[in-house]
Amino acid sequence: MSDQSERDYRDTLNLPKTAFPMKADLPKREPARIDWWRERGTYERRLERNKKNAPWILHDGPPYANGELHMGHFLNMVLKDMFVKIGLLEGKWANFIPGWDMHGLPIELETLKHLGIKDFHEIDPLELREKCKERAIYWLERQRATRVRMGNFGDWEHPYRTIDPSFEATIVETLAELAEKSQLYKGLRSTLWCVHDETALAEAEIEYEPKVSPSVYVRFTASDAQRAAILARFNVSEGESEDAPLSVVIWTTTPWTLPANVAIALRADATYGLYRVGGELLVLATALAESALGEKFAQAHLVATTTGEKLDNAAVRHPFLDRDSVIVLADYVEMETGTGAVHTAPGHGADDFETGMKYDLPVLNPVDARGHFTAEAGPYAGLFIFKANKQIVADLEASGHLLRAQEYEHSYPHCWRCHNPVIFRATAQWFIAMDQNRLRARAIAATESVAFTPEWGETRLKQMIENHPEWCISRQRTWGTPIPAIVCVACNESILDARVARNAAKRFREAGAGSWWSDPVETYLPEGFACPKCGATSFEKEKNIVDIWFESGVTHLAVLRDAMPWPSDLVVEGGDQYRGWFRSSLVTAVAVKNAAPYRHVVKNGWVNDEQGRPMSKSRGTGIDAADAMGKWGADVLRLWTASTEFVDDVRFGPNVVEQVGRVYRNVRNRIRFMLSNLDDLPLEGVVERANMHPLDGLACAVVDAFMADVRRFYDAFDIHGAYLRVVEFESAMSSLYFDAMKDPLYALAAGDERRRSAQSALLYALKHLLTAIAPLLSFTAEEAWQEIPERLRGDEASVFDSLLEAHGKASSEDLELWNLLRELRARVAAGTEHAGATIRDYETDATVVVPAAFVHRVRELGDDLREALVVSHVLAIEEGERADVRLTPAEGSKCRRCWKYRELGADPEHPSICAPCAQVVRSL
RNA sequence: GGGCCAUUAGCUCAGCUGGUUAGAGCGCAUGCUUGAUAAGCAUGAGGUCCCUGGUUCGAUCCCAGGAUGGCCCA
């Protein structure tokens, strides 16, 4: 036997032991955990168990099935998952059905590119649809794999897809309902048009190229009556004006659109001047007078000014057609170029069209598909529009309406295929009438029943609906759900009949929407159907598809049915969706069900790079979600999600991940400490909460308070608040409680009742902590849960079988005591530091002073107080004004086993250790 | 150009309806520990709370203007 005074007693201690590794190795281990969850049906089992409880549904806004998911998707999708898991852990039936938006032009264009086809007219529509479907499914599968890799729970085997026959049927059924309610109509709309290819183009099919256009300033002269009215609005009397002719000056670079002019748009808040120039009066914005009038500005005299608003609804005469041009207000009128008076032709511009809608102006379309003027253009009938420019300018000059003409180079939209300049041309389209049946007003009113995070989201959504004109839902494309409208062969009337639409819905549900292209029109006609206008009975199918915003706008109708309740409890999307999906869903819901389709709208921010700039592939800051998870693991990125204030814009990059990775390691190690001290705890050794030692009971109370807080944060959708609370909790537990419990855990006999009590408190803390973080750190929480000895897990085989709630309640007195201990410990630390020692040394004894109200509870702690303060002896507990400690050098010598200063040598066989240690060693 | 939003330590963020020396975690520096060890504990440094005016006894917080950045439009 070696000399006992030199003996190392390490092997007589209960040192921590666990298979839970310090190194997380997330990218490698997480995929196996996903399989593990799937094999055990963890999500499905939990859902089944919750079935008896209230449903709570987060309805998935469908991502577009094109391209890889990026970190913006990650943020949004993981947030959704966190909310779903919170719901599940709170016992709710949180059935999450993910979905995808799979029709539409971007996929059609990508497919055409893939096939090497530039003009979609060159391929059979059914064949193109087949190829588009393949492409969309390819992307769905890639995106689904990425979403699953995030650790997200949901019914991944049965997502909803806008290309499913049942979904297409819902779309068409919705159209039928709208038709029944007279909510649909066909009207003109300004669309991008290529006169060379004779086709409508989408925004995505446009390339901007430089073009030289004529730049002309044109007089729109007032009639006598109009002149008097305008002068009155300037507060100028007839006498002062000396009978000079009065004109409003407009500026345009497309003289060929002048035949379609019906209005002049001013800006309400801009200042307009009445200028006397030579023998005439000119009206234009004061801010632009100098640049617009050129050399004439020197001789111009400002007679009076007024605001655009004052001139609203005045009128002047069209320069060469026999009609008025009315003055309107529009907020897009800019004060950079031109005259501040914008030539407005609703048939030839998107802005103009919207203004026309607002003011109920006629939409003139005097241009045919080939770009030639029709008879409506009067003297210019038959001319090719771009050739007519010159003629029109010359005529304006001759009639004295031309003020100035120049050439102007600007960036102008061109057809991506033939590279000819495109025009805006009014074409017939299907619309949802927003003001029919007060739909707009009802939609705005419906937001009142919805909660918004952030709160200003409500105003924003209302504005989007307020400012959005009629909703154009038709597209002249192939990859989508057809609008089941028919055209009367005899009178050319376009008809969207609810009965036809219902037939189509039925047919699509069985055979898919492709049948619209292959079936004869008769398939869809009800018995004895005749044209409501002329009575004829011969029809053709219209070849329009529905806008994909309408398709995604009816997901709530397609998904929230059968067992699923309507409306949903929560939707979570990026801020761009106020204009997009939040709006489109609300409008369809109000039109069909007269209520909002969701109870709560949560908006998440944009993901920018570390400098706060948008992510960009070209700058190398665009990061795919799958790549990021391969590099850092999903859980670190999930923790990043929680570490940001997701409602605002957030930043992402390697340095940010590095930082949150360190927080992750902290959490992980503290979990590891708890696990490593549970290894030998038998089930029968678990001490009831009521029988625990006072400090252990206090630790449990702190856990209870933590759980209550976390629950409150979660219920307020405050993921970030919960994250901060988790960090605060585990850091406080570690520095006070874990540190205090090391000696009892290590040095007491394994089965010592005091040690079992500490272990039981650790088990309590661990299980609750893991449940609390399971929505955030799903992989790590489950990994740790599986390392809890099985006997201690009970029937909660997965962390997702547990319940997110405290099993006790902390009193405020408990928490005050806890804080008092932290305060005392800090004072010991400061005191020992001052004495040149450290708190870890047990080199001091302490006399403790506490306020009277706490004396009893502090005394109750017994030896635990000594451990919590890391001193060798607590000499006395005194009553005082406020918490304090008096430190004195520790009495005795350092025990080689427990490191505290004690009387040594009580046991002659173990002279270098204290009596309690000796007793433990002898018992081994 | 318009609407909306943001701006607090190196980083991620707290700061309740305006009220004494503005906080946390991470990082950094220093010390301790080597029985949570690629861990743990402690101490410390670090901030014209974007700028300028205004209201107020008092402003990070309220108001106005501006700067920078973002989103949605144009």
Side-chain angles (χ1 to χ4, degrees), chain A residues 8-18 20-23 72 267 269-270 330-337 350-351 354 454 456-457 459-461 463-464 466-468 574-580 583 603 605-614 639-640 642-645 647-653 655-677 720-721 723-732 734-736 738-743 745-747 825-826 828-834 836-841 843 870 897-899:
Chain A
D8 175 4
Y9 285 92
R10 201 165 184 272
D11 59 349
T12 68
L13 299 168
N14 313 297
L15 291 183
K17 189 181 160 202
T18 179
F20 186 75
M22 190 175 282
K23 187 168 162 27
R267 197 186 164 87
D269 58 359
D331 53 16
Y332 54 79
V333 175
E334 51 153 5
M335 293 292 149
E336 306 289 306
T337 48
D351 281 343
E354 292 194 6
W456 55 259
T459 318
R460 188 120 165 87
L461 182 56
Q463 282 171 352
M464 288 304 172
E466 192 111 43
N467 299 331
H468 203 258
D576 53 337
Q577 300 304 333
Y578 287 119
R579 189 184 182 78
R583 192 197 96 242
K603 161 252 179 186
W606 224 246
V607 178
N608 293 324
D609 68 16
E610 290 182 327
Q611 279 70 48
R613 313 255 165 188
L639 194 62
W640 161 76
S643 79
T644 62
E645 185 39 89
V647 174
D648 301 326
D649 292 349
V650 303
R651 297 183 182 204
F652 180 82
N655 296 315
V656 175
V657 178
E658 174 79 17
Q659 190 202 177
V660 78
R662 282 187 284 255
V663 176
Y664 174 83
R665 286 201 290 276
N666 258 341
V667 176
R668 187 175 176 91
N669 276 315
R670 279 145 190 179
I671 289 169
R672 184 165 179 270
F673 176 81
M674 287 184 266
L675 277 172
S676 65
N677 283 293
H720 181 67
Y723 163 85
L724 291 176
R725 189 66 180 86
V726 166
V727 171
E728 198 268 329
F729 168 75
E730 51 97 21
S731 141
S734 176
S735 62
L736 181 58
F738 294 178
D739 220 40
M741 284 303 102
K742 278 182 186 174
D743 187 67
L745 287 167
Y746 300 167
R825 184 183 155 96
V828 172
T832 47
E833 175 102 348
H834 191 69
T838 86
I839 192 168
R840 292 302 305 278
D841 294 339
E843 279 173 6
V870 204
R897 187 166 175 277
C898 71
W899 294 344

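So that the names make sense, note that chain A is the first sequence line, chain B the second, and so on, each numbered from 1. This one's a predicted model, so the numbers in the text were calculated from it and none came from an experiment.
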Measure all distances between protein nitrogen or oxygen atoms and nitrogen or oxygen atoms of nucleotides 23-26 of chain B, and list the pairs falling under 3.5 Å.
from  : atom 1 : to     : atom 2 : distance (Å)
B:G25 : N2     : A:Q659 : OE1    : 2.4
B:C26 : OP1    : A:N666 : ND2    : 3.2
B:C26 : O2'    : A:R662 : NE     : 3.2
B:C26 : O2     : A:Q659 : OE1    : 3.4

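Rounded to whole Å, the P atom of B:C57 lies 30 Å from the corresponding atom of B:C5. Here the separation of B:G40 from B:G58, taken at their P atoms, is 48 Å to the nearest Å. When the C1' atom is compared between B:U60 and B:U48, the two are found 12 Å apart, to the nearest whole Å. When the P atom is used for both B:U43 and B:G27, the distance is 16 Å, rounded to whole Å. Using atom P as the reference point in both B:A14 and B:C62, the two lie 15 Å apart (nearest Å). Taking atom P on both B:C63 and B:U7, the two are 14 Å apart, rounded to the nearest angstrom. Atom name P, nucleotides B:A29 and B:G35: the rounded distance is 25 Å, in whole Å. Between B:A64 and B:G25, the distance separating the two C1' atoms is 37 Å to the nearest Å.
The interatomic distance linking A:R725 (CZ) with B:U12 (P) rounds to 24 Å, in whole Å. Whole-Å rounding puts the A:W456 CH2 to B:G3 P distance at 15 Å. The distance between atom CG of A:L15 and atom P of B:U34, rounded to the nearest whole Å, is 13 Å. Rounded to an integer number of Å, the gap from A:D739 CG to B:A39 P is 16 Å.
Tested against A:V657 for a side chain to side chain contact (heavy atoms under 4.5 Å, CB included), the candidates A:F652, A:W640, A:Y664 yield a single pass: A:F652.
A:E610 comes within contact range of no nucleotide atom at all, as no heavy-atom separation falls under 4.0 Å. Note on A:W640: nothing from the nucleic acid sits closer than 4.0 angstrom, heavy atoms only. Across all strands, A:S676 comes closer than 4.0 Å to no nucleic acid atom at all (heavy-atom distances). No contact: A:R668 has no heavy atom under 4.0 Å from any strand. Counting non-hydrogen atoms under 4.0 angstrom, A:S734 reaches a base of the nucleic acid.
Centre separation under 5.5 Å together with a plane angle under 30° holds for the ring of A:W899 and the six-membered base ring of B:G35, marking them as stacked.
Note on A:R672: every side-chain N or O is 4.0 Å or more away from OP1 and OP2 of B:A36.
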Reading 5' to 3' through nucleotides 64-74 of chain B, protein heavy-atom contacts under 4.0 Å coded B for base, S for sugar-phosphate only, - for none: -----SSBSSS
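A:T644 contributes atom OG1, which lies 12.5 Å from atom CZ of A:R651 (distance to the nearest 0.5 angstrom). Atom CD of A:E466 is separated from atom OG1 of A:T459 by 11.0 Å, given to the nearest 0.5 angstrom.
Contact of the A:L15 side chain with the A:R10 side chain is registered, since non-hydrogen atoms from C-beta on lie closer than 4.5 Å.
Contacts of A:F673 classified as ring-ring contact (aromatic ring centres under 6.0 Å, His included), with partners at least two apart in sequence or in another chain: A:F738. Considering only residues two or more places apart in sequence or on other chains, A:R583 meets the salt bridge (Lys or Arg N to Asp or Glu O under 4.0 Å) condition with none of them. Qualifying salt bridge (Lys or Arg N to Asp or Glu O under 4.0 Å) partners for A:D351, counting only residues two or more places apart in sequence or in other chains: none.
With distances taken from any side-chain atom of A:T644 to the nucleotides B:U12, B:G2, B:A38, the minimum falls on B:U12. The side chain of A:S735 sits closest to B:C41 out of B:A6, B:G35, B:C41.
Ion pairing of A:D576 with A:R579 is absent here, as no side-chain N (NZ or NE/NH1/NH2) approaches a carboxylate O to less than 4.0 Å.
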Dot-bracket encoding of pairs in RNA chain B, which uses [ ] for pseudoknotted crossings and | for another strand, Watson-Crick or G-U under 3.5 angstrom: (((((((..((((.....[...)))).(((((.......))))).....(((((..]....)))))))))))).
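Taking the nucleotide of RNA chain B with the nearest heavy atom to each of A:K23 and A:E645, the more 5' of the two is matched to A:E645.
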